[in-house]
Amino acid sequence: MPVDHVSISNLSEHEGETVTLKGWLYNKRGGKGIAFLILRDGSGLAQCVVNQEEVDEASWTAASDASQESALAIRGSVRADERQVGGYEVQATSVELISKAEDYPITPKEHGVEFLMNHRHLWLRSRKQWAVMRVRNQIIYSMHQFFQEQGFVQMDAPILTGNAVEGTSTLFEIDYFGRPAYLTQSGQLHGEAMAMAMGKIYTFGPTFRAEKSKTRRHLTEFWMIEPEMAFYDLDDNMSMAEGLLCRLVTDVMSKCATELEMLERDLEPLKRVEGPFPRVSYDEAVDILHSDETQRMMDQRIESAKEEDARLEAELAENKKAYGQAKKWQKRKFDAREIEIHKRRNEIEEDLRNLPKWKESARTFEWGTDFGGSDETVITWHFDRPIIVHRFPHQFKAFYMKRDPEDDRLALGMDVLAPEGYGEIVGGGERATDLAFLEAQVEAHGLPAEVFDWYFDLRKFGSVPHSGFGIGLERTVAWICGLHHLREAIPFPRLLDRIHP
RNA sequence: UCCUCGGUAGCUCAAUGGCAGAGCAUGCGGCUGUUAACCGCAGGGUUGUAGGUUCGAAUCCUACCCGGGGAGCCA
């Protein structure tokens, strides 16, 4: 632990003392004989005031020369100041320029997605990204706590696998000493083996999908947590997922209040995340899609989108009229607002293109098929908190799912759908226990039986009811943070056509 | 693979067939309490690439390249 400097996050413990801060220059303002250096050290931001008359010449030169993201060591006295970020300010007595930064590309102004993604290694230093990563960290920490407190053992499933588990999705193939191998798309089957050894386990690791999905809800590499519990049935499984999500949201709201504020996250939907989550069977979900209520809801959404568009158009025209006589700083505000309006109107335009299709898709939805992205979203619009959809037709579910003893057409699967359009963040179910059934399923799915020999052993030696689920870390982070896109929920996103930096 | 929107200064954008511009960033100057500080001056351009239409193209047409969003696909 370093003893020669303090963290900005700990400034409150040093009020009135003289301390040294080490970090990077976030932004600078100043006048003749005075400079305001906003220092960033990873734990927070702090304004350091450098008064030319109160520091030596070298310090003043260092403060004057320091450019954005230059590394600095600043010594000074700590005092409380409510106006400042973090509530404290440092009156500098000396400034040392550790390393001068040249032409930092990310300015404290607006940037486009492509530019920011190309500079992801630097973008991570920005306030919003800092907040997201802190929330991600809290979610990871809370997940471990949640499971560890209940006696789960964390175990790791292999990342390299010799076969495509479910046969359906596209995997990344690699050369494994001359043989084909694949990057895992799920640790679930190995998780079952580990649960039979330890009772309750969870895996925490990266997962890979080679699908050519180019949407805000997909990454090619993402992190998934997969608990697997022996002697847990579908209901137990749903309660476990519900308990986990409630814990995550509660912890983030209490421990990351500052971060959520920086992200301008609307807290109302998060406050409503309390058990019990509505349990909606697939049959009920289909009824919801077919309902008149859904049709009315879609019409209403189309109407309100049109109204909002008209409002924005009017505002745009009004701003244009006022623009001529506006002061310079007002003009800048108008410019910023204009960009915002354009962006929002593009979104609305897209909604207006999509909503009628979604409405039609809901009305004509056929029992026995899987929900499309829009169907999921439409279903969640009927509720004010996450919902659990369960008991799906087995056709589109994995071979290892247990059948519903009360209706053989159904598999005991469950998905948790997050509200606010975030969709599926958890997927899982109760696993089949009968060896003969599993062998038949493997054959019916056209999968090679020989690679499942070890999996079948789990049913030969003390087969028990068990279930589990997978929760996508980035989707959870994106939902809780209210992010527009999964790419901001992971430090270095891997997307179709993007593997750098 | 398909649909859709876009590519103009380092960055964000404007210029709707007629002189390529603004703000930010950078450099210099001014200002002793700034909060995306402010004020003044300066440098900065193969308008994604190739071709075509036109007296004249950032703007229209064709092809290609790159990116955003969506569909398909996807525990």
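Lettering follows sequence order; numbering is per chain, from 1.
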Is [X] touching bases, backbone alone, or none of the nucleic acid, heavy atoms closer than 4.0 Å?
X	result
A:Arg487	sugar-phosphate
A:Arg431	nothing
A:Met117	nothing
A:His119	nothing
A:Glu226	base
A:Gly112	sugar-phosphate
A:Phe36	base

Can you find a donor-acceptor N/O pair under 3.5 angstrom joining the side chain of [X] to the base of [N]?
X	N	result
A:Gln47	B:rU34	yes
A:Gln68	B:rU26	no
A:His111	B:rC11	no

When you measure from the side chain of [X], which nucleotide among [options] comes out closest?
X	options	value
A:Glu89	B:rU34, B:rU32, B:rC74	B:rU34
A:Arg216	B:rA71, B:rG69, B:rG33	B:rG69
A:Gln84	B:rG70, B:rC11, B:rG33	B:rG33

Original post:
Expressed as a whole number of Å, how far does the C1' atom of B:rU8 sit from that of B:rC13?
Top reply: 9 Å

**OP:** Give a yes or no on whether the backbone of A:Pro491 and the side-chain of A:Arg120 come within a donor-acceptor separation of less than 3.5 Å.
**Re:**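 Yes, the answer is positive, given that a donor and an acceptor are paired below the 3.5 Å cut-off.
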
**OP:** Can you run through RNA chain B from 5' to 3' and write each base as (, ), [, ], | or . depending on how it pairs? Watson-Crick or G-U wobble, both distances under 3.5 Å.
**Re:** (((((((..((((....[..)))).(((((.......))))).....(((((..]....))))))))))))....

Original post:
Does A:Arg217 put a side-chain nitrogen or oxygen below 4.0 Å from OP1 or OP2 of B:rA71?
Top reply: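 Yes, A:Arg217 has a side-chain N/O under 4.0 Å of OP1/OP2 on B:rA71.
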
Original post:
When the aromatic ring centroids of A:Tyr182 and A:Phe208 are compared, is their separation below 6.0 Å?
Top reply: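 Distance test on ring centres: not under 6.0 Å, no.
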
